[in-house]
Amino acid sequence: MASEPSKDHNGALDVSTPTADTVDEENAMTTNEATNEASDEERKREKQEVDYIESLKSQISAVKSEIQAKKDPEVDYLESLKSQISAMKSEIQGEKDSEAARDDQQAQPQPQPDLQKPDYSTDSSDGSEDAEQTADTTPWYQQRMSQAIAAVSFKSKTKGRSELSEKLVDEECGPATEADDGDATPWYQERMAQMTGALSITKDCSDYQGEKMVDENDDPAKPSPLEAKFWRGLVDSAKQSVRADPLKYAAFATAAIFLIGFGLFLHRYFVHDTPYFVNWNRSLNVAFIGNEYLYANDIPRVMEAISEGHIHQESVIHASKGSIPALLMRGNGMYGTWNTENAYVDTVQYDGEEQQSIYDYGLCTVGQILEGYDEILSFGNEDNAYYDDGLNPCIQDEAYFYYTSNEVAESNNKWDYVVLADDTMRMATSTDSRQDSIYALAYAYAPMIAKGNAIPVIVDTHSYWANDNDDGTSYGDPVEFQSMIYAGVYEYQEALANALPSSQRPMVAPVGIAYLTVYEERPDTWEKLFSDGVHASVHGSYLFACVLYSTLYGHLPQKHNEEVESLFASARQLADNGDGVSYPDAHDAAYLRHVARRVVLRGYIPRDLQSKLQDVKDSLAAYKAELAAYEAAQAEAEAERENEHEEEREHEGEDHGEEGGEDGPDE
């Protein structure tokens with residue numbers, strides 16, 4: 001039961017304190033108002049969405065109407081074409097039915113009137129009607145349809161030549177329906193018009209009947225009369241255009257020929273790796289002086305093979321002690337090593353002695369290969385002019401001594417290039433050993449090279465994972481090691497450049513850069529470049545040969561991707577790690593050629609080496625500046641000493657003159 005409102009002591013209602021019913025009513029009213037407001041907002045949103053959807057529908061309807069308005073003319077025209085084709089089919093079917101009825105009447109035994117097919121030809125004679133029917137029994141409507149299809153097919157195969165085709169038909173059968181040249185008629189209307197015109201022309205022109213694109217009885221490759229006339233017309237049109245503006249078409253033809261030639265050049269250069277305009281028969285005389293880097297897999301013989309016999313070589317190689325200074329003292333060191341079947345040259349006999357086999361060890365000393373003679377070389381090293389380590393073939397083998405002496409005397413020995421390969425550790429170590437090589441190059445090799453006008457080529461030998469040297473030198477990883485090698489290469493190059501004329505400025509064969517490029521891009525292939533972790537395998541020697549050939553000739557050699565093995569067929573010895581000799585396949589060979597091209601011809605340097613080489617160049621530049629300053633100071637000091645000596649001599653002369661003047665009167 002609800003409680004009544006409280007009253008005060010006078011009996012009036014106390015409105016200051018609401019009752020429970022009043023509170024419930026107020027809450028209900030507030031809730032209803034909120035619900036009504038939410039409903040109004042919801043209805044507004046729904047109305048906005050409905051209006052937006054209706055506007056979208058209106059827009060879509062407008063777009064559809066616009067599209068339909070654009071499509072209606074074409075659809076109407078296509079429907080009219082369909083009606084025309086249906087009418088034509090009906091006409092043809094009627095003709096076929098009439099002909100079938102006539103055939104049925106002729107098959108009956110009783111005589112019937114002669115109902116023949118109506119003749120539509122314009123020039124038939126009395127005696128030719130039966131002959132024409134006998135010669136060609138094909139129904140006329142099939143002939144007309146075949147001719148129409150042939151005309152349309154010819155039109156489709158000679159796009160843009162409709163005017164010439166219509167001209168040829170007009171010449172044969174009289175003028176057809178003229179078309180407005182300025183009317184941009186759609187293609188399907190042109191096709192239908194051509195078919196209709198061909199049907200009408202064929203119906204009224206008996207000369208055109210039977211003419212097809214290719215005669216079935218003739219050679220299929222032989223053009224039809226229409227095709228022959230078309231091409232004649234095309235040629236005549238081209239002649240008229242050239243006569244009208246010869247300069248324009250001459251320029252066009254020249255540009256076309258240039259573009260075609262340039263395209264072929266780019267195709268050969270980028271696809272086949274070799275340019276067109278090179279003299280593949282250019283011959284070079286190359287002298288090889290070095291160590292195991294040239295000995296491994298016989299680089300001199302490989303260079304002969306990769307140049308297809310256009311490189312003529314001789315060598316002085318020492319496989320174990322082949323540094324630049326050591327070769328001056330020891331000479332060739334291949335005796336007992338290159339006495340293989342491929343090294344066999346001849347059998348000789350001297351002074352009645354027994355016959356002796358001669359093997360190609362190369363020449364015996366640096367002087368012999370660079371100057372063509374060596375006065376201090378003798379069999380047995382009688383004058384102890386050279387250090388005899390038992391490996392120089394001229395010192396050990398008398399027959400070979402006389403054989404090489406005769407060969408050198410008869411040969412010209414004028415070299416185009418002299419390839420120099422020093423010991424890798426010596427090049428990478430900035431100690432006395434590198435300085436010994438620099439002095440040997442500047443004061444021993446350079447004068448001999450200068451006499452023959454040859455260009456020296458310094459081999460940038462490859463790096464590898466090397467242990468620290470006994471003197472504490474740490475070579476680091478192959479990248480660090482290669483940067484140290486290149487520091488030596490720069491110094492060697494500068495030493496020779498300062499000692500030779502500018503026409504004989506030394507070159508660098510960046511074999512080590514090529515190796516390091518493979519290391520950066522394909523570590524697995526890089527491992528294939530070594531036979532024992534240090535010296536080159538056949539893979540490495542092929543990369544060496546591609547780099548050296550590109551350095552000498554300025555372009556890559558001919559492709560031998562499928563026949564790399566043939567390049568090593570004449571090698572006097574090949575590196576074998578115990579598992580047999582492994583040759584690069586076509587894929588690896590193509591990649592190694594690509595590396596050689598990028599490094600030699602495009603100057604590519606691996607990313608990790610770029611900063612290190614810049615540091616090397618900066619160090620060398622600072623060294624050169626210090627050396628120049630030191631030399632300038634030395635020259636200035638020498639000039640001062642010379643001035644002092646000159647002053648002393650003058651004073652001494654004056655003193656002697658005074659003494660002579662004083663003694664003169666006494667005498």
Side-chain angles (χ1 to χ4, degrees), residues 287-301 313-340 342-345 356-405 407-408 418-427 429 431-441 443-445 448 459 461 469-471 531-532 534-536 571-575:
F288 291 88
I289 301 175
N291 51 19
E292 62 267 20
Y293 286 96
L294 301 179
Y295 153 68
N297 302 307
D298 199 351
I299 290 296
R301 289 273 184 98
Q313 59 83 24
E314 277 293 353
S315 63
V316 174
I317 297 174
H318 200 297
S320 57
K321 302 292 183 180
S323 66
I324 291 295
L327 286 167
L328 292 172
M329 297 182 294
R330 298 172 183 267
N332 190 316
M334 303 310 297
Y335 185 72
T337 300
W338 272 350
N339 55 349
T340 61
N342 284 346
Y344 174 78
V345 177
Q356 186 172 349
S357 297
I358 299 296
Y359 296 93
D360 181 11
Y361 301 114
L363 298 183
C364 294
T365 64
V366 174
Q368 195 177 48
I369 193 172
L370 292 182
E371 295 186 305
Y373 63 92
D374 190 344
E375 295 178 349
I376 62 175
L377 176 65
S378 62
F379 167 66
N381 197 26
E382 296 177 356
D383 300 327
N384 294 321
Y386 289 95
Y387 180 83
D388 185 7
D389 58 3
L391 299 177
N392 192 313
C394 287
I395 295 176
Q396 305 301 321
D397 189 338
E398 184 178 10
Y400 194 78
F401 171 78
Y402 289 113
Y403 173 80
T404 55
S405 299
E407 287 291 321
V408 170
V418 177
V419 178
L420 301 167
D422 198 10
D423 180 73
T424 300
M425 297 292 188
R426 181 180 291 266
M427 297 174 73
T429 306
T431 57
D432 292 341
S433 59
R434 183 195 289 179
Q435 293 302 319
D436 290 343
S437 294
I438 292 173
Y439 292 146
L441 289 171
Y443 299 107
Y445 285 86
M448 291 186 283
V459 176
T461 56
N469 205 351
D470 295 337
D471 60 2
S531 62
D532 55 4
V534 176
H535 302 100
R572 286 165 283 195
Q573 194 169 20
L574 294 177

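A quick note: this is a predicted structure, and the numbers were derived from the prediction, not measured.
- For the side chain to side chain donor-acceptor pair (under 3.5 Å) test, no residue two or more places apart in sequence or in another chain qualifies with Tyr387.
- Ser437 contributes atom OG, which lies 11.0 Å from atom CG of Asp432 (distance to the nearest 0.5 angstrom).
- Listed by chain and number, the residues in a side chain to side chain donor-acceptor pair (under 3.5 Å) with Tyr445 amount to none (sequence neighbours excluded).
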Side chain to side chain contact (heavy atoms under 4.5 Å, CB included) evaluation trace for Tyr295 with Gln573: CA-CA 8 Å; Tyr295 153 68; Gln573 194 169 20; 2.9 Å; yes

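- A donor-acceptor pair is defined here as one N or O able to donate and one able to accept, closer than 3.5 Å; such a pair exists between the side chain of Asp389 and the backbone of Leu391.
- By the side-chain contact (heavy atoms from CB on, under 4.5 Å) test, Phe379 is found to be paired with Glu398, Phe401, residues two or more places apart in sequence or in another chain being considered.
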For Asp422 and Leu441, run side chain to side chain contact (heavy atoms under 4.5 Å, CB included): C-alpha distance rounded to whole Å, both residues' side-chain angles, the deciding distance at 0.1 Å, then the answer. CA-CA 11 Å; Asp422 198 10; Leu441 289 171; over 6 Å; no

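- Under the rule for a side chain to side chain donor-acceptor pair (under 3.5 Å), Tyr335 has no partner lying at least two apart in sequence or in another chain.
- Using modelled atom types, one side-chain atom of Asn392 and one backbone atom of Cys364 make a donor-acceptor pair closer than 3.5 Å.
- Interatomic distance, CD of Glu314 versus OG1 of Thr404, reported as 9.5 Å (0.5 Å rounding).
- With Asn342 contributing its side chain and Ala571 its backbone, the two residues share a donor-acceptor pair below 3.5 Å.
- Considering OG1 of Thr337 and OH of Tyr361, their distance stands at 8.5 Å, rounded to 0.5 Å.
- A donor-acceptor contact shorter than 3.5 Å links the side chain of Arg434 to the backbone of Met427.
- With sequence neighbours excluded, the residues satisfying salt bridge (charged side-chain N to carboxylate O under 4.0 Å, His left out) with Asp298 are Arg572.
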Show me the donor-acceptor pairs within less than 3.5 Å that the side chains of residues 319-328 make with the rest of the protein, sequence neighbours left out.
{"unit_1": "Ser323", "atom_1": "OG", "unit_2": "Ala326", "atom_2": "N", "d": "3.3"}

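- For Tyr293, the side chain to side chain donor-acceptor pair (under 3.5 Å) partners at least two apart in sequence or on another chain are Thr424.
- Glu407 pairs by the side-chain contact (heavy atoms from CB on, under 4.5 Å) definition with Tyr403, not counting sequence neighbours.
- The CG atom of Leu377 sits 6.0 Å away from the OH atom of Tyr386 when rounded to the nearest 0.5 Å.
- Within a 6.0 Å sphere centred on OH of Tyr443, other residues, nucleotides and ligands contribute 12 heavy atoms or fewer.
- Contacts of Glu292 classified as salt bridge (charged side-chain N to carboxylate O under 4.0 Å, His left out), with partners at least two apart in sequence or in another chain: none.
- If you take CG on Asp360 and OG on Ser315, they are separated by 6.5 Å, rounding to the nearest 0.5 Å.
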Let me see the working for Leu363 and Asn332 under side chain to side chain contact (heavy atoms under 4.5 Å, CB included), right down to the final yes or no. CA-CA 7 Å; Leu363 298 183; Asn332 190 316; 5.9 Å; no

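- Remark: side-chain polar atoms of Asp374 are not paired, donor with acceptor, to backbone N or O of Val366 under 3.5 angstrom.
- Every residue meeting the side-chain contact (heavy atoms from CB on, under 4.5 Å) condition with Ser378, not counting sequence neighbours, appears here in chain and number order: Glu382.
- The backbone N or O of Ala385 sits less than 3.5 Å from a side-chain atom of Asn381, completing a donor-acceptor pair.
- Taken from CG in Asn291 to OG1 in Thr461, the straight-line distance is 8.0 Å, to the nearest 0.5 Å.
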